[in-house]
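Atom set for the values below is all heavy atoms of this structure, side chains included, hydrogens, waters and symmetry mates excluded.
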Amino acid sequence: MPRFPDVKRSRSSLVHQVGYAVKHPDKIAPHLRRLARDTWYRLRTRDHISYYRAVMKSDTARDPEGAVGSHNHKRWLALGRMQFDYLVGHGLKPECRMLEIGCGNLRAGRLFIDYLHAGNYYGIDISPDILMAAQDTIVQHGLHDKLPHLTPVRDLRFAFLPDEHFDVVHAHSVFSHSPLHVIEECFAHVGRVMKPDAWFDFTFDRTEGREHQVLREDFYYRTETLVALAGRHGLRATFMADWEQGPHKQSKIRVTKLS
């Protein structure tokens, strides 16, 4: 399994944080602002979904592209293209019906919408604010006629979606911001909306050491943890090693239904 240079490092440790601050003094003030915001939202929200919805509201108001992890428009375009090219190279066809979990402002979704047959793209997100930005993306790229479905959700139970409806499910940089119980909720219900031969690709922040989190925004998991969790819900999980040949720092797993 390919390894990133810092895949074993716990970013929550004091040693890492001090070392990072020494090497990147310009990052100290932004981190302190994140810490203050994290503390404020912890006190004002009742659960993780409410917490992260507040985070996205704040980030989207400042910069919709930055809210989905792109520091500039060039990077936003590149990350969307990388996701799209990987999925097309690994089985996505125009006739597929696709569900994108955490679709954001359609960084990759705009390419999926354009590629898929009209009406075949379903994007969901916990943030109504980022979905407003997604509507702007549809307008800017002239995708009205592709009839994409965009829906705000309060959880990952997919209760409003029909059984065995999707050929492909995709979640990029969603589980990297999710505690384990949110991931398990997804695993417990996603199989119902997947066709028998469907597949579900998701990325996550991988560690080979102690699993940890940074504030309530970033979560790091061992591959074995997610593989075992998927198995408990009738899903077979396969680590996609070739994804790590690209420039993205997260790892990827593909899930299929056990026959």
Lys195, NZ atom: more than 12 neighbouring heavy atoms under 6.0 Å =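 Above 12, so yes.
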Could you report the tightest heavy-atom contact between [X] and [Y], atom names first, then the distance?
{"X": "Ser251", "Y": "Arg206", "result": "OG-NE, 3.0 Å"}
{"X": "Ser173", "Y": "Gln250", "result": "OG-NE2, 3.1 Å"}
{"X": "Gly109", "Y": "Glu100", "result": "CA-OE1, 3.6 Å"}
{"X": "Pro148", "Y": "Ile138", "result": "CG-CD1, 3.5 Å"}
{"X": "Val255", "Y": "Met194", "result": "O-CE, 3.9 Å"}
{"X": "Gly102", "Y": "Val174", "result": "CA-CG2, 3.9 Å"}

Inter-residue atom distance [X].[atom1] - [Y].[atom2], 0.5 Å rounding:
{"X": "His48", "Y": "Asp155", "atom1": "NE2", "atom2": "CG", "answer": "13.0 Å"}
{"X": "Phe166", "Y": "Cys96", "atom1": "CZ", "atom2": "SG", "answer": "12.0 Å"}
{"X": "Leu180", "Y": "Phe219", "atom1": "CG", "atom2": "CZ", "answer": "9.5 Å"}
{"X": "Asn120", "Y": "Asp167", "atom1": "CG", "atom2": "CG", "answer": "8.0 Å"}
{"X": "Leu77", "Y": "Arg110", "atom1": "CG", "atom2": "CZ", "answer": "5.5 Å"}
{"X": "Arg210", "Y": "Arg222", "atom1": "CZ", "atom2": "CZ", "answer": "12.0 Å"}

Taking the side chain from [X] and the backbone from [Y], do they hold a donor-acceptor pair closer than 3.5 Å?
{"X": "Thr45", "Y": "Ser50", "result": "no"}
{"X": "Thr137", "Y": "Ala133", "result": "yes"}
{"X": "Arg53", "Y": "Ile126", "result": "yes"}
{"X": "Tyr115", "Y": "Leu92", "result": "yes"}
{"X": "Gln83", "Y": "Leu79", "result": "yes"}
{"X": "Lys252", "Y": "Met240", "result": "no"}

Do [X] and [Y] touch side chain to side chain, with heavy atoms closer than 4.5 Å?
{"X": "Ile183", "Y": "Tyr221", "answer": "yes"}
{"X": "Phe200", "Y": "Leu235", "answer": "no"}
{"X": "Leu111", "Y": "Arg81", "answer": "yes"}
{"X": "Leu106", "Y": "Phe112", "answer": "no"}
{"X": "His141", "Y": "Asp114", "answer": "no"}
{"X": "Gln213", "Y": "Pro179", "answer": "no"}
{"X": "Asp136", "Y": "Asn105", "answer": "no"}

Given the side-chain rings of [X] and [Y], with only the six-membered ring counted for Trp, is the space between their centroids under 6.0 Å?
{"X": "His172", "Y": "Tyr86", "answer": "no"}
{"X": "Phe160", "Y": "Tyr122", "answer": "no"}
{"X": "Phe175", "Y": "Phe202", "answer": "yes"}

| task | Might you work through the salt bridge (Lys or Arg N to Asp or Glu O under 4.0 Å) test for Asp163 and Arg192, ending with a clear yes or no? | result | CA-CA 5 Å; Asp163 292 356; Arg192 180 186 63 79; 2.6 Å; yes
* Asked: Does the pair His189 and His233 meet the rule for a side chain to side chain contact (heavy atoms under 4.5 Å, CB included), with working shown?
  -> CA-CA 8 Å; His189 297 278; His233 294 282; over 6 Å; no
> Charged N to carboxylate O below 4.0 Å: is that the case for Glu65 and Arg107?
Replying inline: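 Salt bridge absent between Glu65 and Arg107.
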Can Asp201 and His90 be counted as having a side-chain donor-acceptor contact under 3.5 angstrom?
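There is no such pair between these side chains.
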Practice prompt. Examine the side chains of Glu217 and His177 and answer whether a donor and an acceptor come within less than 3.5 Å of each other.
Written response: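 His177 and Glu217 do not have a side-chain donor-acceptor pair below 3.5 Å.
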Is there a chain of hydrophobic side chains (I, L, V, M, F, W, Y, each step under 4.5 Å between heavy atoms) that links Trp199 to Val88?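 Linked, Trp199 and Val88 end up in one cluster.
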Is there a continuous path of hydrophobic side-chain contacts, each under 4.5 Å between heavy atoms, that joins Leu147 to Leu150?
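Cluster IDs for Leu147 and Leu150 differ.
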Can you list the residues that meet the side chain to side chain contact (heavy atoms under 4.5 Å, CB included) rule with Thr60, with sequence neighbours excluded?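 Once residues adjacent in sequence are excluded, the partners of Thr60 under the side chain to side chain contact (heavy atoms under 4.5 Å, CB included) criterion are Met56, Pro64, Ala67, Asp129, Ile130.
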| query | side chain to side chain contact (heavy atoms under 4.5 Å, CB included) with Met98: which of Leu116, Ile113, Val169? | reply |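 Considering Leu116, Ile113, Val169, a side chain to side chain contact (heavy atoms under 4.5 Å, CB included) with Met98 is found only for Leu116.
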